[in-house]
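Below you'll find the structure, written out as structure tokens, and then a few comments.
Computation of the quantities below employed the complete heavy-atom set of this structure, encompassing side-chain atoms and omitting hydrogens, waters and symmetry-equivalent molecules. Labels below follow one simple rule: chain letters A, B, ... track the order of the sequence lines, proteins then strands, and each chain is numbered from 1. If you're wondering where the values come from, they're calculated on a predicted model, not measured in any experiment.
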Amino acid sequence: AQTVTQSQPEMSVQEAETVTLSCTYDTSESDYYLFWYKQPPSRQMILVIRQEAYKQQNATENRFSVNFQKAAKSFSLKISDSQLGDAAMYFCASTGGGADGLTFGKGTHLIIQP
Amino acid sequence: NAGVTQTPKFQVLKTGQSMTLQCAQDMNHNSMYWYRQDPGMGLRLIYYSASEGTTDKGEVPNGYNVSRLNKREFSLRLESAAPSQTSVYFCASSLDRRDEKLFFGSGTQLSVL
């Protein structure tokens, strides 16, 4: 079965600093997509960034970027210039599990210290 | 600009009661999904519908049924609720099964006593 592993249940960072959230995945597919979703206390799931596995270039969205290491099956999220509004649960997710839809990791709770 | 709309937002049931969670999307998406979120477990797929008229089981389908009423609507039914079904339920949609960028509803907090 498809698995997505987030090894950091909780991370803390000072406001304006940079933080990296880790994610590894396990898929036998050659064509797949990887995602990071943010879930603030409002409970809404918000797409942060999306990476297509066949693209070698790492995706970026403003202060958010990924380090995609296909051979290592690693997909980390870097948040630069952290802001108080970045405090949330962050979920890594992957396609390629046989069924449609995404397989999610268990999440990382990100705390921003003012 | 509604996106994915779920109702209700909160519900309390007694063990053995039944209920249906409603979901509708206005983005003309073909694929729709139901997930449940439990503390420390991430989101797990219950059922999905790749297109109108089709439904398939996900990772945790036991105790649930679904109906893809039309292209817009995808409902989740609990026939006989159990305390283990206490969870937050999310409906999501995507353009099609090849584009897995999911758009989520705001979730339903369900408690089964």
Could I get the full list of ring-ring contact (aromatic ring centres under 6.0 Å, His included) partners for A:Y25, not counting sequence neighbours? A:Y32
Counting only heavy atoms not in A:N62, do more than 12 sit closer than 6.0 Å to its CG atom? no
Side-chain contact, heavy-atom cut-off 4.5 Å: A:Y37 with B:L102? yes
CA sep, side-chain torsions, deciding dist, call: B:F90, A:R43, side-chain contact (heavy atoms from CB on, under 4.5 Å): CA-CA 10 Å; B:F90 286 97; A:R43 199 170 68 194; 3.6 Å; yes
Using the rule that Ile, Leu, Val, Met, Phe, Trp and Tyr join whenever any side-chain heavy atoms are under 4.5 Å apart, tell me whether B:V4 and B:L76 fall into a single cluster. no
What are the residues of residues 34-41 of chain B, in order of number, with any heavy atom under 4.5 angstrom from a heavy atom of chain A? B:Y35, B:Q37, B:G40, B:M41
Step through the shown structure and confirm whether more than 12 heavy atoms of other residues, nucleotides or ligands are within 6.0 Å of NZ on B:K71. yes
Linking I/L/V/M/F/W/Y whenever any side-chain heavy atoms sit under 4.5 Å apart, do B:L45 and B:V60 land together? no
Close approach to chain A in residues 105-113 of chain B, criterion heavy atom under 4.5 Å: B:G105, B:S106, B:G107, B:T108, B:Q109
Quick check: are there more than 12 heavy atoms from other residues, nucleotides or ligands sitting under 6.0 Å from NZ of A:K73? yes
Quick one: list whatever passes side-chain contact (heavy atoms from CB on, under 4.5 Å) with A:Q8, sequence neighbours left out. A:M11, A:L21, A:S22, A:T108
Looking at A:L102, A:I46, A:L47, which makes the most heavy-atom pairs under 4.5 Å with chain B? A:L102
Give a yes or no on whether A:Q57 atom CD has more than 12 heavy-atom contacts from other residues, nucleotides or ligands under 6.0 Å away. no
Answer yes if A:F104 and B:Y33 sit in the same cluster of Ile, Leu, Val, Met, Phe, Trp and Tyr residues linked by side chain heavy atoms under 4.5 Å apart, and no otherwise. yes
Say whether A:F68 and A:Y33 are linked into one hydrophobic cluster, either directly or through other cluster members, by side-chain heavy-atom distances under 4.5 angstrom. no
Same cluster or not: are A:W36 and A:I112 linked, directly or through other Ile, Leu, Val, Met, Phe, Trp or Tyr residues, by side-chain heavy atoms under 4.5 angstrom apart? yes
Cation over ring face, B:R44 and A:F91, 6.0 Å, 45°: no
Checked A:Q39, A:Q6, A:H109 vs chain B; the most non-hydrogen pairs under 4.5 Å come from A:Q39
Indicate yes or no for a side-chain donor-acceptor contact from A:Q44 to the backbone of B:F104 under 3.5 Å, with no hydrogens or angles considered. yes
